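Fair warning: this is a prediction, and the values are worked out from it, not measured in the lab.
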Amino acid sequence: MEKLEMYKRLSKEDKLNLTIYCIYDSIYINARNYEKELSDEYAKRICELSHYLYLKDEYYNFSSSKIADYITIGYLEHNIPIEKLEEADRTDMYMGIDTDDYDWLLENEMER
């Protein structure tokens, strides 16, 4: 079946959740690429933070996937605790995403 036809057959609820599905897709692609396991709890937390930043982005216009990639890689590869990512200033997060810089988050890093 052609992809357009498949899209047209999606339920209204699924169409409303396409951004969330894309975020989860990015999260699990990164986990697979880094050969790391990710619990459902942490996947949900990364998704919620990514979606929040996506909705609040009024200047950069990042894709939901770019935001999710940054957060997931920060958590999985740079060992930045999810709490630190959740508590980070939104403007600083956008600047970090824009420059692909994690150094500002790694300063005074807490152990997880």
Nearest 0.5 Å please: distance from the [atom1] atom of [X] over to the [atom2] atom of [Y].
X     : Y     : atom1 : atom2 : result
Lys44 : Ile27 : NZ    : CD1   : 12.0 Å
Asn30 : Asp69 : CG    : CG    : 4.5 Å
Ile23 : Ser50 : CD1   : OG    : 5.5 Å
Ile73 : Tyr34 : CD1   : OH    : 4.0 Å
Cys22 : Tyr54 : SG    : OH    : 9.0 Å
Ile20 : Asp25 : CD1   : CG    : 13.0 Å

Find out whether [X] and [Y] are in side-chain contact, i.e. whether some heavy atom of one side chain is under 4.5 Å from a heavy atom of the other.
X     : Y     : answer
Leu10 : Leu18 : yes
Tyr75 : Leu38 : yes
Ile71 : Met93 : yes
Ser26 : Thr72 : no

Practice problem: Keeping the roles fixed (side chain from Lys36, backbone from Leu76), state whether a donor-acceptor pair exists under 3.5 Å. | Solution: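 Yes, the answer is positive, given that a donor and an acceptor are paired below the 3.5 Å cut-off.
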Quiz item: Does Tyr102 reach the main-chain N or O of Ile80 with its side chain, forming a donor-acceptor pair under 3.5 Å?
Solution: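 Absent.
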Quiz item: In terms of side-chain geometry, is the basic nitrogen of Arg45 or Glu41 positioned less than 4.0 Å from the acidic oxygen of its partner?
Solution: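 A salt bridge links Arg45 with Glu41.
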Quiz item: Got a salt bridge between Arg32 and Glu37, using NZ or NE/NH1/NH2 to carboxylate O under 4.0 Å?
Solution: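 No, Arg32 and Glu37 are not salt-bridged.
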What are the two closest non-hydrogen atoms of [X] and [Y], and how far apart are they?
X      : Y     : value
Trp104 : Asp92 : CZ2-O, 3.4 Å
Tyr59  : Asp57 : N-OD1, 3.2 Å
Ala43  : Tyr28 : CB-OH, 3.3 Å

Quiz item: Going by distance alone, is a donor N or O of one side chain under 3.5 Å from an acceptor N or O of the other, for Arg90 and Tyr52?
Solution: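 Looking only at side-chain atoms, Tyr52 and Arg90 do form a donor-acceptor pair, the distance falling under 3.5 Å.
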Quiz item: Is NZ or CZ of Lys66 both nearer than 6.0 Å to the six-membered ring centre of Tyr60 and within 45° of the ring axis?
Solution: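 Not satisfied by the 6.0 Å and 45° rule.
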Practice problem: Could you tell me whether Lys15 atom NZ has more than 12 heavy atoms of other residues or ligands within 6.0 Å of it? | Solution: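 Above 12, so yes.
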Quiz item: Between His78 and Leu105, is a side-chain contact (heavy atoms from CB on, under 4.5 Å) present by the stated rule, with each step listed?
Solution: CA-CA 9 Å; His78 296 281; Leu105 283 163; over 6 Å; no
Quiz item: With hydrophobic residues grouped by side-chain heavy-atom distances under 4.5 Å, do Leu55 and Met95 end up in a single group?
Solution: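 Yes; Met95 is reachable from Leu55 via cluster members.
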Self-check item: Test log, rule side-chain contact (heavy atoms from CB on, under 4.5 Å), inputs Ile46 and Tyr24
Solution: CA-CA 9 Å; Ile46 292 169; Tyr24 277 123; over 6 Å; no
Exercise. Classify the ring geometry between Phe62 and Tyr94 as parallel (under 30°), tilted (30 to 60°) or perpendicular (over 60°).
Key: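 Because their plane-to-plane angle lies in the 30° to 60° range, the rings of Phe62 and Tyr94 count as tilted.
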